[in-house]
Number of protein chains: 2
Amino acid sequence: MLVQAARQLLHEQGFGRTTLADVAERSGVPLGNVYYYFKTKEAIAEAVICAREAELRGLFAAWTSKHRDPRARLRCLVRAPLETADEVVSFGCPYGSLCHELEKLGPKSPLAASSSRLLGLYIEFAEQQLRAAGVRTREATGLATELIAALQGTALLAHTIRSRALLASQLRRVERWLESELPPTSLS
Amino acid sequence: MLVQAARQLLHEQGFGRTTLADVAERSGVPLGNVYYYFKTKEAIAEAVICAREAELRGLFAAWTSKHRDPRARLRCLVRAPLETADEVVSFGCPYGSLCHELEKLGPKSPLAASSSRLLGLYIEFAEQQLRAAGVRTREATGLATELIAALQGTALLAHTIRSRALLASQLRRVERWLESELPPTSLS
DNA sequence: GTCTATAAATTGATAGAC
DNA sequence: GTCTATCAATTTATAGAC
């Protein structure tokens with residue numbers, strides 16, 4: 001699938017360094033075909049962002065249905081980068097690196113706005129689970145932002161240093177920190 | 001100065017989207033001149049990285065000479081993004097965004113290796129100050145990494161959301177967290 | 001819908017006058 | 001050392017046969 005190939009390539013090489021010829025080649029179709037399905041290169045990026053958004057919503061839904069306890073859902077969130085550790089170490093967080101690059105297109109670029117929604121979704125999910133775990137509404141926004149910032153920073157460092165060990169150990173630190181920030185469990 | 005212009009442009013637009021014509025124009029010199037001073041575009045990027053490294057070392061030296069107390073130095077580190085809040089909100093952390101983009105050139109790229117040194121320096125400085133503040137050697141590395149990750153993640157989110165308020169409030173949170181992680185001051 | 005060929009624009013890099 | 005003109009390669013995008 002065209003979008004699937006583009007999704008991988010944008011993660012591996014970034015938007016700027018990925019040519020439409022790359023996308024065509026990895027999809028196994030000739031270059032001309034790409035333009036039959038997508039008017040411009042930006043349109044492909046937009047489709048990739050949508051795919052990433054669907055991917056995120058899928059993860060959130062899976063964690064939500066798997067665990068009733070919001071703390072367990074938050075643990076899934078923190079540990080998620082370990083599930084794809086190789087990719088994160090080699091290419092960074094797919095959502096964060098997309099934002100990082102597309103934001104450089106300027107505040108007026110539609111791609112920048114679309115990609116920032118990805119991190120927004122991330123924060124929103126964390127905030128919901130924090131509130132469900134008993135964090136006060138006022139505090140939940142700040143804490144959720146702090147959590148996502150910690151995860152994004154961890155991914156950037158693990159990627160830059162290219163160390164899976166760093167990713168694992170720092171995610172454990174984030175997990176311990178988060179537990180210390182949550183209100184004590186009500187032992188009903 | 002050529003490098004100065006390139007330094008700004010790489011921060012504002014990134015390496016990939018900055019053309020040598022851009023650099024020439026902002027420097028006020030014709031395009032041909034750029035190639036008299038730098039053999040290739042990569043050579044300019046290398047010079048920019050060196051300039052950023054010197055900039056970092058200068059900041060560290062200033063904080064070190066200004067404060068004897070390592071805690072005060074760490075406060076400077078955490079609050080530093082506020083000094084250039086507009087730039088951080090508009091374009092992200094100059095060091096982090098450079099790493100983010102140049103790492104996509106692949107692990108074998110000399111530019112990727114050079115840029116990763118920037119974050120390495122950052123961690124190293126934090127680690128030194130943490131040890132001086134009484135954090136055990138074993139713990140200092142992990143804590144320093146966690147601190148820099150928090151700062152980098154904060155810069156990314158503040159940039160993506162384009163919110164100076166988010167930058168300020170989240171840096172305050174990082175500062176409070178850091179204080180809670182440091183051993184109690186010895187009231188000598 | 002699929003594919004080849006090619007146009008049009010951008011941009012890294014060079015040649016050569018001054 | 002400085003500047004203009006231009007080459008060569010890449011890449012987005014289109015035209016048109018099948």
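First the proteins, then the strands, lettered A, B, ... as listed; each starts at 1.
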Peer 1: Less than 4.0 angstrom from a charged side-chain N to a carboxylate O is my criterion; do Arg26(B) and Glu12(B) meet it?
Peer 2: yes
Peer 1: Measuring only between side-chain heavy atoms, which start at C-beta, is Val29(A) closer than 4.5 Å to Val23(A)?
Peer 2: no
Peer 1: For DNA chain D, note the earliest and the latest nucleotide, 5' to 3', having some atom under 4.0 Å of a heavy atom belonging to chain A.
Peer 2: dT11(D) to dT14(D)
Peer 1: Once the angle between the rings of Trp63(B) and Phe125(B) is folded into 0 to 90°, is it parallel (under 30°), tilted (30 to 60°) or perpendicular (over 60°)?
Peer 2: tilted
Peer 1: Salt bridge or not for Glu53(B) and Arg57(B), using N-O below 4.0 Å?
Peer 2: yes
Peer 1: Using a cut-off of 6.0 Å, state whether more than 12 heavy atoms not belonging to Glu25(A) lie near its atom CD.
Peer 2: no
Peer 1: Can a salt bridge be assigned to the pair Lys104(A) and Glu101(B) using a cut-off of 4.0 Å between side-chain N and carboxylate O?
Peer 2: no
Peer 1: Enumerate the residues from residues 38-51 of chain A whose closest heavy atom to DNA chain C is under 4.0 Å, giving them by residue number; use none for an empty result.
Peer 2: none
Peer 1: Is Arg52(A) salt-bridged to Glu55(A), cutoff N-O under 4.0 Å?
Peer 2: yes
Peer 1: Using heavy atoms and a sub-4.0 Å distance, could you list which residues of residues 6-30 of chain A are near DNA chain D? By number, please.
Peer 2: Thr18(A), Thr19(A), Leu20(A)
Peer 1: Which word best sums up how the rings of Tyr122(B) and Phe60(B) line up, parallel for under 30°, tilted for 30 to 60°, or perpendicular for over 60°?
Peer 2: perpendicular
Peer 1: Should Arg117(B) and Glu124(B) count as an ion pair when the cut-off is N to O under 4.0 Å?
Peer 2: no
Peer 1: Salt bridge between Arg79(B) and Glu83(B), side-chain N to carboxylate O under 4.0 Å?
Peer 2: no
Peer 1: Tyr35(A) OH to dA8(C) C1': how many Å, rounded?
Peer 2: 12 Å
